[in-house]
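Each residue takes its place number in the sequence, starting with 1. For the numbers below, each heavy atom of this structure counts, side chains included, while hydrogens, waters and symmetry mates do not.
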Amino acid sequence: MKSSEIRQAFLDFFASKGHQVVASSSLVPHEDPTLLFTNAGMNQFKDVFLGFDKRSYTRAASSQKCVRAGGKHNDLENVGYTARHHTFFEMLGNFSFGDYFKRDAIKYAWELLVDVFKLPADKLWVTVYAEDDEAYDIWTKEIGVPQDRVIRIGDNKGARYASDNFWMMGDTGPCGPCTEIFYDHGEHIWGGPPGSEDEDGDRYIEIWNNVFMQFNRDEAGIMHPLPKPSVDTGMGLERISAVLQHVHANYEIDLFQALIAAAARETSGADMDSPSLRVLADHIRACSFLIADGVIPGNEGRGYVLRRIIRRAIRHGWKLGARSAFFHKMVPDLVTEMGAAYPELASGKQRVMDVLKQEEDRFFATIEHGMAILEAELELMEKTGVMQFNGETAFKLHDTYGFPLDLTADICRERQIVVDSAAFDAAMTRQKEQARAAGKFKMAANLDYDGPATTFHGYETLEAKGNILALYKDGTAVNELVEGELGVVVLDDTPFYAESGGQVGDVGELRSVHGIFAVEDTQKIQASVFGHHGVVRTGTLKVGGGVTAKVDTLARARTIRHHSATHLMHKALREVLGPHVQQKGSQVDPDKTRFDFAHTQPVTAEEILRIERIVNDEVIANAATDASVMDLESAQKTGAMMLFGEKYGDEVRVLTIGSSKELCGGTHVARTGDIGLFKIVMEAGVAAGVRRIEAVCGDVAVAKVQQQQALLDAVAAELKAQPAEAAARVAQIQDNVKALEKELARLKSKLAASQGDDLLSQAVDVKGVKVLAAILEGADATALRETLDKLKDKLKSAAIVLASTGEGKVSLIAGVTADLTSKLKAGELVNFVAQQVGGKGGGRPDMAQAGGTQPAAVPAALASVKGWVEARL
């Protein structure tokens, strides 16, 4: 079976068992700061397992894209050199949310492997947690696996439940035993069964892990049985494909073989067993899917990891002989293999190629630059006899220029030179400590709340009655908040919109007979629980008390104008710039809409005018907006735009505004005309392949236009022209200024030339050499150079230093005629003078420039030139 057929067979099998097949989530975890990348199939169901989210189904199956190349799960350095390490992989999984448990999970796994995939039963081994008698009995007594092939794995890390067969989400929370299924590749491969001394060998390979979420672990370490035990499983597609295709290494399966062939084609690599080709086949998957999911190469966070993977790929391409961009040319081959299963890859193919090529072009230039630095350093080492490459220099190449250490080491090895790895490691440790302190992904401080959900009424009204369900001060639950105290209020009913989808949280007030609470922000504590953040302005608030919740109407009105305009602008951007435009982030607040989107070129002034015209035409049409709640499948059929990587529930809200139709849970205007004037005020790049637009609407836009008009009127008044004539008048003034500047430069040059002739008489003879050091009043850099050249021609054999001063600064230039450069260096001469006037400089042996900050010291410095020259002749 091909890998694509295995993936589909897995999903079809579990669909036949009543599972909802769920599409893979983005590699960028949605609203989960604990993860750098999606690294397991259960990530998108995390809130379901924790009880914060509920789905319409209790059984699910998926093929989830995963990346492990940063943080705790980092396989990057092993990729290409082992049989099963990857940066990107697909995790096949089936999940039960309080539905079936151990018996059915085990039976499903066995049925699929033995009856559907036709694996020999005697090739399968099983592990269970040592104390999990229930799972052991199911395997041995019901499934019929011989006892000698069902292995109990105990606690091997010095603490109870610290076992490879006991899974925990964290130090506290859902956890439970797991059972793993292994495949025996045969006696011809070294290794022992799990739990043995030789278990690290490659003979017995884990292919499926079934986790049984059975307990909730509290802070004291006590295990409390869960009322609804659940199941989370994972089977790597690459591993099961290797088994079913009768090969040992994952890189031998059909999917990788096609990509390895593509890598060989683009690098002219002849050795098909080269680890470098395997690296390229792996890395093109990780890089392409990350870019398709919105990650852009950068210097921190996810962008840094992506850049590191790309550069590692380019280095291996360089080792294979590639000297120009090649990696991006593998993308079409990847789309052929995986585009049908992951449409976002196929639709984003051109953009993925563009981003990769841009990064390749940049790094190939870096490699060439790094090679030049290396060669220069190695030549110097050969002359001095040093046989160890400086570790600090190697780290500078790595850290400043992105030049990999292993490439430095390879080049040094060819010269029988080793890199001082200890010094490199010390420098790397310092860098990692700084990066860890600055860029660590941390768990957000979640409030401990287990009460009812909040009902949101903000679509229909801006004022509603509510009861206080919980209060928090400094993150701790309290029974009351008093005047002046900051805190968080949770209500059962609220009109306040909690920040989501780029729209900021509402502000306003909560008022009761006992006190007033000023709401300064509204955030989600959990998926359906709203926290009103603010301060008690007067009186007190107590748990159980009733309040009237009132949203600031002006702030909300300005916010919804900007939010609705964002949808129209998104549609206009795609119409004007192309369908490749994808939202990469947004912030909508009362003052503006800020919208980041995928596009590789600056948006031109003409394009901005077209976008504004399209949006304002929609506003003038004054069409009614419509928000309809429907299931996700029905929404997809309407053609509504969905933001890839966004987390959608089973029921979604389809917003139709003008010609735009998108999924959106935010608040919006009733008619497009309510938006008022739309005006773009800024466009700029924020990252490679990502642009940003800021725009304003309604009264904010009117104020902005009035401000711009007032500024134009003021400029016109200064120019003594009408506003419509201001641009032409400014152009005329600029032309006049350029003409005057040219005339001034001509006069300065003429003046300098005449001064130069006068200076000839000041030259003194030192051992047959003419030495001239003089001040040239009013000369700029151009005049100094021209005068120096004329003096060198007339003095024939000479050393010359000229200086000019002005506005507290010193300009210096030194020249030495060609016959003297073996003894006198202009760079050394000008630096000697510059150090005396508060500066430094250098340049070629025949001509060099410098600057300084001490004009008063110039005469003495010039007087010292004669002695400097004399000492060297």
Side-chain angles (χ1 to χ4, degrees), residues 711 714-721 726-727 729-764 770-795 798-817 821 824-869:
L711 180 61
V715 171
E718 289 293 326
L719 296 170
K720 294 181 174 57
R729 185 77 178 97
V730 168
Q732 183 183 33
I733 292 174
Q734 288 178 323
D735 289 341
N736 290 340
V737 169
K738 289 177 182 178
L740 291 172
E741 287 175 344
K742 288 182 178 180
E743 178 63 16
L744 179 60
R746 188 185 67 80
L747 292 173
K748 281 185 176 181
S749 178
K750 185 176 180 181
L751 176 62
S754 63
Q755 290 182 357
D757 292 338
D758 295 340
L759 293 176
L760 289 172
S761 61
Q762 297 182 30
V764 297
K770 296 294 184 179
V771 178
L772 174 61
I775 296 176
L776 202 60
E777 295 292 351
D780 58 14
T782 300
L784 285 175
R785 284 195 301 271
E786 291 178 353
T787 303
L788 177 69
D789 289 339
K790 291 177 181 178
L791 289 171
K792 287 169 68 176
D793 287 340
K794 293 182 178 181
L795 292 174
I800 306 164
V801 177
L802 300 177
S804 68
T805 60
E807 299 181 354
K809 296 181 180 179
V810 179
S811 295
L812 297 170
I813 191 167
V816 176
T817 52
T821 53
L824 305 175
K825 307 293 184 185
E828 296 175 3
L829 175 55
V830 81
N831 194 46
F832 167 73
V833 177
Q835 288 178 354
Q836 300 178 60
V837 296
K840 60 181 179 179
R844 303 194 309 269
D846 61 330
M847 194 276 284
Q849 294 175 281
T853 58
Q854 301 170 14
V858 170
L862 293 178
S864 69
V865 170
K866 177 183 175 183
W868 186 91
V869 173

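- The neighbour count for Glu743 CD, taken as heavy atoms of other residues, nucleotides or ligands under 6.0 Å away, is above 12.
- Leu788 approaches Leu802 most closely through the heavy-atom pair N-CD1, 3.9 Å.
- Once rounded to the nearest 0.5 Å, the distance linking CG of Leu784 with CE of Met847 reads 10.5 Å.
- Between the CG atom of Leu795 and the NZ atom of Lys790 there is a distance of 14.0 Å, given to the nearest 0.5 Å.
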query: Would Lys770 and Val764 count as a side chain to side chain contact (heavy atoms under 4.5 Å, CB included) if you check the C-alpha gap in whole Å, the side-chain angles of each, and the deciding distance to 0.1 Å?
result: CA-CA 6 Å; Lys770 296 294 184 179; Val764 297; over 6 Å; no
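- The backbone N or O of Phe832 sits less than 3.5 Å from a side-chain atom of Gln836, completing a donor-acceptor pair.
- Between Val830 and Gly841, the shortest heavy-atom contact is CG1-C, 4.2 Å.
- Listed here is the closest heavy atom pair of Ala834 and Gly851: CB-O, 4.1 Å.
- To the nearest 0.5 Å, the span separating CD1 on Ile775 from OG on Ser811 amounts to 12.0 Å.
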Gln854 and Val810: CA distance, side-chain angles, deciding distance, side chain to side chain contact (heavy atoms under 4.5 Å, CB included) verdict: CA-CA 7 Å; Gln854 301 170 14; Val810 179; 5.7 Å; no
message: Apply side chain to side chain contact (heavy atoms under 4.5 Å, CB included) to residues Lys794 and Leu791 and explain how you reach the verdict.
response: CA-CA 5 Å; Lys794 293 182 178 181; Leu791 289 171; 5.8 Å; no
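- With Asp846 as the fixed residue, the side-chain contact (heavy atoms from CB on, under 4.5 Å) test singles out one of Leu824, Thr821, Thr817, Val816: Thr821.
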- request: Show your reasoning for whether side chain to side chain contact (heavy atoms under 4.5 Å, CB included) applies to Leu812 and Gln849.
  value: CA-CA 6 Å; Leu812 297 170; Gln849 294 175 281; over 6 Å; no
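- Side-chain contact of Ser804 with Glu777: a donor-acceptor pair under 3.5 Å is absent, judged by distance alone.
- Across Val771, Leu829, Val801, a single residue satisfies side-chain contact (heavy atoms from CB on, under 4.5 Å) together with Trp868, and that is Leu829.
- The shortest heavy-atom contact between Thr787 and Ala783 is OG1-O, 2.8 Å.
- Closest heavy-atom contact between Gly838 and Thr853: O-OG1, 3.4 Å.
- Taking the side chain as every heavy atom from C-beta outward, Gln762 and Leu759 approach each other to under 4.5 Å.
- Between Arg844 and Ala826, the closest heavy-atom pair is O-CB, 3.5 Å.
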